[in-house]
Protein chains: 2
Amino acid sequence: MTKESERSTIADVARRAGVSKATVSRFFNHRETLLTPEIARRVELAVAELGYSPSPMAQSLKRGRSRLIGLVVADITNPYSVAVLRGAEHACREAGYLVMLFNLGNDLERESAGIRALTSYKVEGFILNTMGHDAGAALETARQGKPVVLVDRLHRGLEVDFVSLDNWQAIELSGGHLLEAGYRDLLLVTEPLGTVSSRIERVQAFTQFVDATPGTTGACYESRAEDPSGLDAALLQLRQRAKGPCAVVSSNAVVSLRIVAAAARQGWRLGGDIGLVGIDDTPWAPYVGPGITAVSQPTDELGRLAAQCLMQRLQGLQAAPRSILLPGTLHARGSTQR
Amino acid sequence: MTKESERSTIADVARRAGVSKATVSRFFNHRETLLTPEIARRVELAVAELGYSPSPMAQSLKRGRSRLIGLVVADITNPYSVAVLRGAEHACREAGYLVMLFNLGNDLERESAGIRALTSYKVEGFILNTMGHDAGAALETARQGKPVVLVDRLHRGLEVDFVSLDNWQAIELSGGHLLEAGYRDLLLVTEPLGTVSSRIERVQAFTQFVDATPGTTGACYESRAEDPSGLDAALLQLRQRAKGPCAVVSSNAVVSLRIVAAAARQGWRLGGDIGLVGIDDTPWAPYVGPGITAVSQPTDELGRLAAQCLMQRLQGLQAAPRSILLPGTLHARGSTQR
DNA sequence: TTGTAAGCGTTATCAT
DNA sequence: ATGATAACGCTTACAA
């Protein structure tokens, strides 16, 4: 490998091998079908000597395809997003794609900007885990035939592949477990619903679960980080209205931590004074208080499947939009033991 | 904005405005200096009507610059990496750059592959938070004059800007706090050192702290996730050798959780039976056991500074490699109260 | 089977 | 001040 300061180009290889640029290009794209073994060997040698590899930028410009996948996440700080990202990145790379990441930092308005930025780099497809608030660009993208996969959150009007936890199953699992443990009066705490489909769906599932289960009562509360005292009030109200043991279902790990904090403020023991089961298992869940009961999501799998859907579409799959729902798994711990 | 299915090109704009492609290009690159207001207005109008924006790919091909920054992280699952990533991405975007992410997934061997992949996309600079194990490509990159910034971990032989927690300060802070709280016999637990400079440095700092502080004893243990019983043994040994109260300094949040788990296995109370202070604060630290005392890193700031260094180099700054060390902040909690 | 040449969407160097 | 034109590194008709 000679050490030129500049990267060598297809022309360098052609010159060195004594062939045309076209032949070198063929070596990379149709080696088996179009090339004489002898020529192929010469090219191969020159490529090795120069340490040449094609410029994806130039290829992209010519082909209109980039081997790039755009991944837009609402908030890279969210461990769930990260876990999905991880799975997706892995699958993409295995398929020869690189991931371009755009983080919204929870700034709703930037969704279209992000999609456009990635579009301009000619990404071949999108994986979206966003708020679905400002989906104009996403819609346009899909209309242009670029594959889009939604993770965890649906966008209304956007009929594309969708990969997510089965929220109904997860809520039923949580609720059923609480019942078995003897809790009767329940409160679902979620982040502000906004237009986030997964949050809304969990509320719906919860409401239906309570309605369908005689002897239980339920309510919902939207908690925001800036307003811990609102949460305190909601929890106090739960305890007041409860005739028997009461429990909280938390909509994600961030909220679970808020509940834990609130319980600490009130001096309540988790499990005994108030039950808690949360969606999203975390490495620390077993060690907080008596251990937090949680429903884990198969996050890696979700990311992997999202990428896989995209790959299939890129290979031309024309089936109707699919909806892939994966079940969660309950991990019972002290926070649901009375 | 007319809705063509294809993105419009500079040629479309030129035609529409009745000018040449060169003029449109000038409109974007040297508007003030080279264009008649009248012409500029016509171009501006055409651009708006067509919703045109230049193709970064084509620009990149022509200019040899891509407005892309390559970010290589050892493990996207690590919250520290994510936090840094977040800060860096933000700063890059503000400067008009997009981040291309390459995650090693803790696969040491892939470092060069990642750097090469990103290089082929003509990223203009690198932010590296990796193991430094396989730095061949990084070295080559730096030699080619592409700016590189290292975060948290040095690579030997690679003399470039470096941004990190001040590990000496952080360890001294932790150790000092333990002393004040009355702990005398200390154990530093870290992930396997390998070639990771930050881990090594923390051990050095710890050793020196113990040596320089009469009346204390210290030891180090390298803990691996697969071997919890090894950790148990190390902790038992600590308690045996300890004449008075003993405590553990944990090298990062993952290890802290392992210590917590080990203490739980032994039935020890954190703080009373064994002290614990960890580097890396986390949202859950206050709620695990009696609360885990931790030294927080200014992660956002670290990422921001890394990106900022890069931007300065991209603007031609030729100063000698800088080393930016930021102090940590102690958050005292129950795990260091006897 | 291989080479020639046009063109992907830009920018930069010439002219004008 | 503006326009024609040649690159940037690659792929792909079309020719040979």
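Hydrogens, waters and symmetry mates play no part in the numbers below; they use all other heavy atoms, side chains included. Throughout, protein chains are lettered first and strands after them, A, B, ... in sequence-line order, and every chain is numbered starting at 1.
Taking side-chain N and O atoms only, A:S25 has a distance below 4.0 Å to OP1 or OP2 of D:dT11. Neither OP1 nor OP2 of D:dG9 sits under 4.0 Å from any side-chain N or O of A:T9. B:S20 has a side-chain polar atom (N or O) that falls below the 4.0 Å cut-off from OP1 or OP2 of D:dG3.
Of the residues near DNA chain D, B:K122 and B:L34, the one whose nearest nucleotide (by heavy atom distance) lies more toward the 5' end is B:L34. Residues B:L61 and B:T33 each lie close to DNA chain D; by heavy-atom proximity, the contact nearer the 5' end of the strand is made by B:T33.
Using a cut-off of 4.0 Å between Lys/Arg side-chain N and Asp/Glu carboxylate O, A:E44 and A:R41 are scored as not salt-bridged. A salt bridge links B:E301 with B:R304: the closest approach of a Lys/Arg side-chain nitrogen to an acidic carboxylate oxygen falls below 4.0 angstrom. A salt bridge between A:R16 and A:E49 is present, with a side-chain N of the basic residue lying under 4.0 Å from a carboxylate O of the acidic one.
Whole-Å rounding puts the A:E32 CD to C:dT1 P distance at 13 Å. Atom CG of A:L35 and atom P of C:dT1 are 9 Å apart (whole Å). One interatomic measurement links the two molecules: CE of A:M57 to C1' of D:dG9, which rounds to 12 Å at whole-angstrom precision. Atom pair A:F28:CZ and D:dT12:P shows a separation of 14 Å (rounding to whole Å applied). Whole-Å rounding puts the B:I10 CD1 to C:dG7 C1' distance at 16 Å. The CZ atom of A:R63 sits 17 Å away from the P atom of D:dG9 (whole-angstrom rounding). Remark: C1' of D:dA7 and CD of B:Q59 are 16 Å apart, rounded to the nearest angstrom. The distance between atom CZ of B:R26 and atom P of D:dA1, rounded to the nearest whole Å, is 10 Å.
With hydrogens and angles left out, the side chain of A:K62 and the base of C:dG7 share a donor-acceptor pair within 3.5 Å. Donor-acceptor pairing under 3.5 Å, judged by distance alone, is absent between the side chain of A:K21 and the base of C:dT4. Between the side chain of B:R7 and the base of C:dG9 there is no donor-acceptor pair of N/O atoms closer than 3.5 Å.
Here the closest non-hydrogen pair linking B:V151 and B:A306 is CG2-CB, 3.7 Å.
Using a 4.0 Å heavy-atom criterion, one finds that A:V24 contacts no nucleic acid atom at all. Residue contacts shown for B:T23 are limited to sugar-phosphate atoms, with no base heavy atom under 4.0 Å away. Backbone-only engagement by B:S53 is indicated by non-hydrogen atom pairs under 4.0 Å involving sugar-phosphate atoms exclusively. Within 4.0 Å of A:Y52, counting heavy atoms only, lie sugar-phosphate atoms of the nucleic acid but no base atom.
Considering A:D12, A:L45, A:T9 as possible partners of A:L50, the one that fulfils the side-chain contact (heavy atoms from CB on, under 4.5 Å) test is A:D12.
In the helix from C:dT1-D:dA16 to C:dT16-D:dA1, the terminal helix axes, each the rotation mapping four pairs' C1' atoms onto the next four within five end pairs, subtend 50°, rounded to 10°.
The main-chain N or O of B:V123 is found under 3.5 Å from a side-chain atom of B:K146 such that the two form a donor-acceptor pair. In this structure, the side chain of A:S66 engages the main chain of A:K122 through a donor-acceptor pair within 3.5 Å.
A donor-acceptor contact closer than 3.5 angstrom is absent between the side chains of B:S25 and B:H30.
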